[in-house]
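Here is the structure we will look at, set down as structure tokens.
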Amino acid sequence: MQTKQQVRQQGLAALQRLAQQPANKQQQEAILLQKLIDSAAFQSATVIGMTLNQPIEVATQPIIEATQAAGKRIVVPRTLPKRQMAFYELTPTTVLERSHFGVLEPQITGEPIVPDLMIVPGVVFSLDGWRVGFGGGYYDRYLAAHQMNTVALALKPQQVKVPDWSVDQFDVNLKHIITA
Ligand SMILES: Nc1nc2c(c(=O)[nH]1)N(C=O)[C@@H](CNc1ccc(C(=O)N[C@@H](CCC(=O)O)C(=O)O)cc1)CN2
Ligand SMILES: Nc1ncnc2c1ncn2[C@@H]1O[C@H](COP(=O)(O)OP(=O)(O)OP(=O)(O)O)[C@@H](O)[C@H]1O
């Protein structure tokens, strides 16, 4: 058994190593994108929540393009005080600005939109749907407050069979894990 903090640190180190092998990372991302597009979760969704990735995370630009090509809407998160998030539609006119966390976020315009499918980011995922994220608790809070389908895209260094950490009472189990 490890602490979430230990799992997070080891997972981040493994993701940093993979990011230094771009061909390997891109090959895994291509597999994840194809499996996502082929999934019933993707095909039945109309509004999909996703992030704008950091360099060590799964590249989301190809996912954005495929989602738009499939005629679906995309919403991306804006972090708010008290570890809250709201999602706003990503359109050609969306203005993005870099957050303190270092990722691009939309400026607030119009009303927030709750997606019907969330692609949930994270550091390590168990194949039975548990997750260690970056430590903010943003997604645990959001998914506790809103019902929707959920999927994570797990690069090879992000996959474990079952959690080797103790799952907290506030952790939200993800409905689908897609593996590279
Ligand atoms: N690309 C991307 N965007 C995302 C996320 C993500 O995982 N990936 N998020 C997923 O949630 C949200 C931002 N998550 C955050 C997670 C942690 C901290 C943060 O302040 N971390 C502290 C350490 C926290 C701790 O260890 O207790 C820090 O960096 O100092 C900020 C934002 C929304 N946007
Ligand atoms: N539903 C909730 N309500 C209130 N606090 C919560 C809730 N879910 C999580 N938290 C708090 O958030 C903190 C971070 O949780 P955790 O370490 O699991 O984050 P994470 O899932 O790795 O982060 P993220 O979702 O931002 O990627 C914990 O201290 C926890 O108490």
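Counting starts at 1 for both ligands and their atoms, in listed order. In this text, all values refer to a predicted model and were calculated from it rather than measured experimentally. Side chains are part of it too, since the values below use all heavy atoms of this structure and drop only hydrogens, waters and symmetry mates.
- Using a distance-only test at 3.5 Å, with no hydrogens or angles considered, a donor-acceptor pair links the side chain of D171 to the main chain of D168.
- With hydrogens and angles ignored, the 3.5 Å screen pairs no side-chain donor or acceptor of Q84 with any backbone N or O of P81.
- Residue contact check for ligand 2: D168 places no non-hydrogen atom closer than 4.0 Å to it.
- What sits closest to atom 27 (O) of ligand 2 on the protein, heavy atoms only, is R131 NH2, 2.7 Å.
- Atoms of ligand 1 lying under 4.0 Å from any heavy atom of G136, numbered from 1 in the order shown and given with element: 16 (C), 17 (C).
- For E111, the CD atom is loosely surrounded, since the number of other residues' heavy atoms within 6.0 Å does not exceed 12.
- Ranking protein heavy atoms by distance to atom 31 (C) of ligand 1, first place goes to F101 CD1, 3.3 Å.
- When atom types are taken as modelled, the side chain of K175 and the backbone of M148 share a donor-acceptor pair closer than 3.5 angstrom.
- Heavy-atom proximity to F134, at under 4.0 Å, picks out these atoms of ligand 2: 22 (O), 23 (O), 27 (O).
- The shortest N/O to N/O separation between V132 and ligand 2 does not fall below 3.5 Å.
- Annotation for ligand 2: atoms under 4.0 Å from non-hydrogen atoms of Y139 are 25 (O).
- The closest approach between a heavy atom of G135 and any atom of ligand 2 is below 4.0 Å.
- Judged purely by atom type and a 3.5 angstrom limit, D116 has no side-chain atom pairing as donor or acceptor with the backbone of A45.
- Residues L80, Y88 make up the rest of the hydrophobic cluster containing I108, defined by ILVMFWY side-chain heavy atoms closer than 4.5 Å, directly or through other members.
- Looking from atom 14 (N) of ligand 1 to the surrounding protein, the closest heavy atom is Y138 CD1, 3.5 Å.
- Both tests pass for K72 against the ring of F42: distance under 6.0 Å to the centre and angle within 45° of the axis.
- With hydrogens and angles disregarded, a donor-acceptor distance shorter than 3.5 Å links the side chain of T3 to the backbone of Q6.
- In the vicinity of D171, heavy-atom distances shorter than 4.0 Å reach the ligand 2 atoms 18 (O).
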>> For a salt bridge (charged side-chain N to carboxylate O under 4.0 Å, His left out) check, start with the C-alpha distance between R78 and E97, then their side-chain angles and the critical distance, and finish with the verdict.
In response: CA-CA 10 Å; R78 168 107 196 172; E97 51 195 25; 2.7 Å; yes
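- With hydrogens left out, the protein atom closest to atom 18 (O) of ligand 2 is K4 NZ, 2.9 Å, a heavy atom.
- Closest to atom 7 (C) of ligand 2, if we only count protein heavy atoms, is R141 CG, 3.7 Å.
- Inter-residue side-chain proximity for V7 and V123 is flagged as unmet; no heavy-atom pair is nearer than 4.5 Å.
- Among all heavy-atom pairs drawn from I56 and K25, the shortest one is O-CE, 3.8 Å.
- Remark: atom 25 (O) of ligand 2 lies closer than 4.0 Å to at least one protein heavy atom.
- In this structure the side chain of L18 reaches within 4.5 angstrom of the side chain of Q28, judged on heavy atoms.
- For ligand 2, none of its N or O atoms has an N or O atom of F170 under 3.5 Å away.
- Between F125 and A152, the closest heavy-atom pair is CE2-CB, 3.4 Å.
- Looking from atom 17 (O) of ligand 2 to the surrounding protein, the closest heavy atom is R8 NH2, 3.1 Å.
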> Would D164 and K4 count as a salt bridge (charged side-chain N to carboxylate O under 4.0 Å, His left out) if you check the C-alpha gap in whole Å, the side-chain angles of each, and the deciding distance to 0.1 Å?
Replying inline: CA-CA 9 Å; D164 56 352; K4 272 189 179 176; over 6 Å; no
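- Heavy-atom distances between R83 and ligand 2 stay at or above 4.0 Å for every pair.
- Using a 4.0 Å cut-off to heavy atoms of T79, the atoms of ligand 1 that qualify are 13 (C), 33 (C).
- Pairing each heavy atom of N149 with each of A41, the nearest pair is ND2-CB, 3.6 Å.
- For atom 27 (O) of ligand 1, the closest non-hydrogen atom of the protein is G135 O, 3.9 Å.
- Protein heavy atom in closest approach to atom 23 (C) of ligand 1: F134 O, 4.7 Å.
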>> Under the criterion side chain to side chain contact (heavy atoms under 4.5 Å, CB included), I'd like the reasoning laid out for Q158 against T179: C-alpha separation, chi angles, the key distance, then a yes or no.
In response: CA-CA 9 Å; Q158 295 182 285; T179 56; over 6 Å; no
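- If you look at N53 next to ligand 1, the close heavy atoms, those under 4.0 Å, all belong to the backbone.
- Results of the side-chain hydrogen bond (donor to acceptor under 3.5 Å, both in side chains) test with E105 over T79, T51, T94 single out T79 as the only residue that passes.
- In terms of protein heavy-atom proximity, atom 8 (N) of ligand 2 is nearest to D140 CB, 3.3 Å.
- Only the backbone of L52 comes within 4.0 Å of ligand 1, judged by heavy-atom distances.
- The shortest contact between atom 13 (C) of ligand 2 and any protein heavy atom is with G137 CA, 4.1 Å.
- When heavy-atom distances to ligand 1 are checked against a 4.0 Å cut-off, E57 comes that close only through its side chain, counted from C-beta outward.
- Of all protein heavy atoms, the one closest to atom 26 (O) of ligand 1 is Q5 OE1, 4.3 Å.
- Across all their heavy atoms, A86 and P112 have their closest contact at CB-CB, 3.9 Å.
- Under the 4.0 angstrom criterion, atom 7 (O) of ligand 1 counts as having a protein heavy-atom contact.
- At the top of the distance list for atom 20 (O) of ligand 1, counting protein heavy atoms only, stands R83 NH1, 4.0 Å.
- In this structure, the protein non-hydrogen atom closest to atom 4 (C) of ligand 1 is T51 CG2, 3.9 Å.
- With a 4.0 Å cut-off on non-hydrogen atoms, V123 does not touch ligand 2 at all.
- Counting only heavy atoms of the protein, atom 9 (N) of ligand 1 lies nearest to Y139 CE1, 3.7 Å.
- Close approach of ligand 2 to G133 is summarised as follows: ligand atoms under 4.0 Å from at least one heavy atom of the residue are 20 (P), 21 (O), 22 (O), 27 (O).
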